[in-house]
Amino acid sequence: MAHFANKLHDGESCPLCGALEHPNIVEFEDVNSELNEIQKKIEHIENQKDQIQKQSLEIEKILDRKKIFEEQLKAEEEILKQIQINIEEHLKSFSWTEFNAENQNDFEEKRQQSFSIEKQIDELNQKIGLEQKNLDKERENLDNYNKALEKFRLDEAKKAEQIKTNEANLKALQWIDYREKTIADVEEIYIKLSQSNLETEQNYQQLIKEEKEISPKLAEQKTIFDQLEKRISELEKEISHNENILTKSLVENNFNNENAVKNILLQEIDVQETRNIIQQFRIQFEIVKNDILNLETKLRDFSFDEEQFAETENQFKTFENDLKNANDSVVKITTEIERLEKEFKKKENLLKDLAQLQKRSENLKIMTNLFKGAGFVQYVSSIYLRQLCDHANVRFHRMTRNQLSLQLNESNDFEIVDYLNEGRSRSVKTLSGGQAFQVSLSLALALAESVQTNAQSEKNFFFIDEGFGTQDVESVNIVFETLMNLQKENRIVGIISHVEELKEKIPVSLHITKDEERGSLIEIV
């Protein structure tokens, strides 16, 4: 009853009556509570012991780390002292005569000059790299030519050796033998000798071919013959050895002849089962023998006492009861642990589902914010504005000599990045008139490229109204060079300007003058 009572939980059916509600659960007084308390105290003491051991180990580790840190601190202090000494010596011995510490403009001019020199060095390095690549290609071609030439030389030497060999193989004919013969006789002798040589050569080739076919077969048959002879000698030795062993075994086991052994072998005996039985018997025999010896050694100095035996038996029964109670408590705790593990797994699965739902909720919130009001329009427009800004920077960097850059802030407003001011950003309202014109021109060109790409048109045409009056001569040249390059990109640009310097550079222009009587007069220049 105590065992069943301890297993009752709310919501679970009773194993005896099947009820789901348990208002008054019977409580039994037994030793389990005391044993549980004692077990808990023991576990608590063991936990404290483990914690104390862990703390002592951590303290030892901390002390070791403290020693290491102290040694590192001393080493770092010595290094710091040495660095301070080196700095003081450097300051004493260092002198910069070319610049004045109070005149910063002179330093800035030298710095700009160094930047320009570095750019020139980079350009020269690029040229040197190109020349080096060309030189490597020429060297590679030269090596290929040398290899081909060497191959031709080797082929020439081989051909010369062949010519010498053929010359040595030729037989010299005697003029005396053919001086009195006619041409027909010589030709007839030549034809006969040619046919004889051809037949001899064919016979020679046929014999060589037959020799090549017969030689491996002959060698194979020879090796097979040698192996068979060796195997026969080994088998003869093995037969004689086995006969000696057989006769010796018959004598040792008291058999008259081989027939007695054959009769035994003809009997149906499960050899493996018999061996297993014998082996099991030997093992049990050894175990019993060892147990007897152990008991004899243990009981050698002891005498049997009935009272002590009865007392020990009672203690054994009490211990057995305690063990049974402890097992019952272990079973109860095990069932509780299994129930908690199942609940924990359910909770873990629910937490995973909760995390997925929370993630989906966040994504839905983002989508709601995007489609609420003009959120999606701003999102799409920000993407196109960033693309437009990236395309505009290609020409804006060229116009400003990589000193300024255009970017978008979080509110999709244009800002300027000033690389001469440590890359800090500032508003476009702080630009000068010429810089504002450069920004507008870069954005207009980028926008035209975007429109041309979307419309898939081959040409586009737009006007630039004024703006050149705010530029200096160098900036005008850069902007005009950019506009001239647009012709190569299949574009037409019209410029409206009063700057006189542009008249000389524009190849075709319309000059408009006002007349009080006739109005505006257009003249092609």
In Å, rounded to the nearest 0.5 Å, how long is the span from CG of Asp64 to NZ of Lys61? 10.0 Å

Before giving the answer on salt bridge (Lys or Arg N to Asp or Glu O under 4.0 Å), spell out for Lys49 and Glu46 the whole-Å C-alpha distance, their side-chain angles and the decisive distance to 0.1 Å. CA-CA 5 Å; Lys49 182 180 176 183; Glu46 287 180 353; over 6 Å; no

Atom CD1 in Ile337, atom NZ in Lys332: separation rounded to 0.5 Å? 12.0 Å

Nearest 0.5 Å please: distance from the CD atom of Gln51 over to the CD atom of Gln55. 6.5 Å

Between Leu404 and Phe396 the two heavy atoms that sit nearest each other are CB-CE2, 3.7 Å

Would you call His397 and Ser405 a side-chain contact if the rule is heavy atoms closer than 4.5 Å? yes

So how far is it from Glu78 CD to Lys81 NZ, rounded to the nearest 0.5 Å? 7.0 Å

Give a yes or no answer on whether the side chain of Ser361 reaches the backbone of Leu357 with a donor-acceptor pair at less than 3.5 Å. no

Check: Val439 and Ile416 side chains under 4.5 Å, non-hydrogen atoms: yes

Do Asn363 side-chain atoms and Lys359 backbone N/O form a donor-acceptor pair below 3.5 Å? yes

Hey, does Arg426 have a side-chain heavy atom less than 4.5 Å from the side chain of Asp418? yes

Measure across Phe414 and Leu385 and return the closest heavy-atom pair with its distance rounded to 0.1 Å. CZ-CD2, 4.2 Å

Sidechain-backbone polar pair: Asn327 side chain, Leu323 backbone, donor-acceptor under 3.5 Å: yes

Looking at every non-hydrogen atom in both residues, tell me the closest pair between Ala392 and Ala446 and how far apart they are. N-CB, 3.7 Å

Measuring from atom CZ of Arg65 to atom CD of Glu58, what distance do you get when rounded to the nearest 0.5 angstrom? 10.5 Å

Any chance you could measure Asp322, atom CG, to Glu320, atom CD, to the nearest 0.5 Å? 10.0 Å

Does Glu415 form a side chain to side chain contact (heavy atoms under 4.5 Å, CB included) with Ser427? I'd like the steps, not just the answer. CA-CA 5 Å; Glu415 288 183 348; Ser427 175; 6.0 Å; no

Check whether any side-chain heavy atom of Leu447 lies under 4.5 Å from a side-chain heavy atom of Leu443, and answer yes or no. no

Between Cys389 and Asn393, is there a side-chain heavy-atom distance shorter than 4.5 Å? yes

Between the side chains of Lys40 and Glu43, is the shortest nitrogen-to-carboxylate-oxygen separation below 4.0 Å, so that they form an ion pair? no

State, to 0.1 Å, how close Ser442 and Arg395 come at their nearest heavy-atom pair, and which atoms those are. OG-C, 4.0 Å

Gln387 and His391: side-chain hydrogen bond (donor to acceptor under 3.5 Å, both in side chains), yes or no, with the steps? CA-CA 6 Å; Gln387 293 178 355; His391 290 303; 5.7 Å; no

